[in-house]
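Below, chain A is the first sequence line, B the second, and so on; all start at residue 1. As the structure is a prediction and not an experimental result, all values here were calculated from the model. Any value given below was found using the heavy atoms of this structure, including those in side chains, with hydrogens, waters and symmetry copies removed.
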Amino acid sequence: MIRVIGLGSPFGDDRVGWRVIQLLSGRLPETVDLVALDRPGSALVNWMDGVERLVLIDAVRSGATPGELIRLDPAELDSGGARLTSHDLALAETLRLAAALGSLPPLVDIYGVEIHGCTDQHLSDVAEVAATRLASILAGLGR
Amino acid sequence: MTERSVSIHVPAMTRVEGEGSLRIRIENDRIEDLALDIFEPPRYFEKFLEGRRYHEVLDITARICGICPVAYQMSAAQALENAFGIDPGRWVRDMRRVFYCGEWLQSHALHVHLLAAPDFLGFDSVVGMAEEHPQAVRRGLRLQGLGNELIRLLGGRSVHPVGARVGGFFRAPTQAEVDAMLVKLRAALPQAEELVAWAAALPMPVDRQEFVNVALRHAKDYPLAEGRIVSDGGLDIPIEEVEQHFVEEHRPQSTALFATLHGKPYLVGPLARLNLNLDRLPASSHALLEQSHIRFPSDNMFHSLFARALEIHIAIVEAIRLLDGYQLPERTHVECEPHAGVGFGATEAPRGILWHRYEVDDEGIVRSARIVPPTSQNQARIEADLHRSLLNFGLDRPDEELRLRAETVIRNYDPCISCATHFLKLKTDRR
């Protein structure tokens with residue numbers, strides 16, 4: 001099974017991962033499972049059982065230009081350079097935990113969407129454009 | 001004797017929620033100075049709340065902590081209802097208890113399995129522990145996930161939930177949602193039983209200490225969302241009288257307040273709750289306690305982990321009891337008619353008593369707020385514990401071993417200070 005998970009929170013551009021899931025909804029074969037999660041922390045591991053390919057989407061602030069798409073692999077997160085979440089276990093730690101448990105799917109893709117901040121309750125135009133671009137990149141999944 | 005001065009900075013004590021530092025000065029094998037400095041955000045929130053309308057308070061206080069937002073909402077709701085003189089009724093009180101069970105479940109499951117257990121099994125993180133104890137870690141993650149689902153049932157979402165309001169809830173779960181949740185809760189019960197036995201068998205240091213236990217006490221149930229405040233020193237007061245017995249004071253080394261009861265440190269949290277409420281356990285939880293070799297009341301602080309494990313069982317048993325026979329209510333909340341007054345609220349957050357006091361005016365606008373969180377109440381107790389634990393452990397041990405023991409002692413209290421990721425900077429100064 002392929003599972004795409006949008007990580008986020010209801011605060012401004014931090015919800016960009018959820019927006020991508022919304023945009024993909026109804027456009028992918030049924031073999032692709034779409035999930036939006038609110039800061040799951042370590043409980044993300046519970047969503048990995050039986051998954052062959054996992055696609056994670058989250059907002060990041062790495063200093064790149066807002067709207068830029070950043071592709072990371074789990075090994076890259078190990079460097080400690082990119083922390084995608086700020087609560088519970090960070091994403092890198094959660095993926096290491098999943099690997100130790102033997103739950104990490106064989107294929108893991110992580111897409112970061114660079115955001116400016118999350119001061120507003122609404123998604124910014126820049127994040128909306130980035131979400132649309134990422135949704136079209138992922139639209140071929142499962143085919 | 002040779003004089004030496006060592007200074008270490010340890011910026012990565014990661015398995016605690018919050019930020020802080022520990023400074024120890026050792027002279028001639030004696031602890032001359034020991035100071036735990038914890039950064040604590042509720043103080044600022046007290047000011048943020050002034051001038052806000054009463055119905056905004058739950059959303060604002062929920063943001064004090066990402067791990068225990070339900071506790072903040074439930075203490076605040078109780079305090080404001082107290083100020084307005086309204087009783088939300090049986091359905092609301094029962095559902096609040098269920099809501100709270102979800103928070104205990106997720107918070108305790110996270111702490112027991114992912115944060116504390118590695119200390120007792122000899123791993124420096126849950127990642128190392130997961131390779132040798134995958135079943136235990138998986139159980140922790142499943143129970144944590146179940147707790148989040150239970151919070152979502154009533155709160156709409158599990159982080160900073162939005163379902164609660166002063167007077168009750170915005171919506172009632174449907175019968176189908178409750179039925180589905182009951183199936184999951186019943187399926188989790190054997191895991192919780194297994195967990196209690198596992199926690200009892202963990203290798204725990206034997207470290208008996210003298211301390212005062214303080215917890216809520218309810219007329220018939222294990223304390224959660226309401227009760228009087230009691231201690232094993234004979235205290236038994238309504239929550240309105242807290243300020244006459246408990247004092248919070250600033251100390252120069254810390255931004256947090258140190259609370260004392262009649263001038264002395266005291267303990268709040270799972271171990272204190274269990275020690276003071278053994279006769280309020282659900283029958284099946286009591287049977288599990290009897291089967292363990294651990295006797296309560298216990299004066300071994302490290303039995304906190306066992307108390308948390310047992311409270312996971314209690315939370316599941318209580319949620320099942322309250323949801324079984326669920327009926328849709330006629331109304332999900334009682335309307336508020338704001339008027340000027342002072343109100344008090346106290347509930348048992350996963351880490352201990354969370355006490356709120358609000359003064360509101362005729363328009364329902366908050367004029368003053370006071371929030372006493374569990375971690376500031378435990379701070380003086382943690383320092384006292386560190387002092388004697390490190391002495392018992394042996395001050396001549398290498399700094400690295402001292403640091404690890406200090407971390408284990410602090411982590412055992414599950415201090416929840418803020419939503420930062422790193423906790424302890426240790427500075428030892430030996431002369």
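Put simply, the side chain of Leu141(B) reaches to within 4.5 Å of the side chain of Leu97(A), judged on heavy atoms. Looking only at side-chain heavy atoms (C-beta outward), Arg138(B) and Asp49(A) come within less than 4.5 Å of each other.
Across every non-hydrogen atom of Ala100(A) and Val127(B), the tightest pair is CB-O, 3.4 Å.
Defined by atom type and a distance below 3.5 Å, a donor-acceptor pair is missing between the side-chain atoms of Ser125(B) and Arg96(A).
Annotation: Trp18(A), atom CH2; neighbour count of heavy atoms from other residues, nucleotides and ligands within 6.0 Å is above 12.
One finds the NE2 atom of His113(B) at 11.5 Å from the OG atom of Ser42(A) (value rounded to the nearest 0.5 Å). Between the CG atom of Leu114(B) and the CD atom of Glu93(A) there is a distance of 9.0 Å, given to the nearest 0.5 Å.
Residue contact with chain B, scored on non-hydrogen atoms closer than 4.5 Å, is absent for Thr94(A). Looking at Asn46(A), only its side chain comes within 4.5 Å of chain B, counting heavy atoms on both sides.
Within the structure, every pair that satisfies the salt bridge (charged side-chain N to carboxylate O under 4.0 Å, His left out) test and touches residues 101-111 of chain A, not counting sequence neighbours, is listed here: Arg53(A)-Asp109(A), Arg71(A)-Asp109(A).
Under the side-chain contact (heavy atoms from CB on, under 4.5 Å) criterion, Ala180(B) pairs with no residue at all, not counting sequence neighbours.
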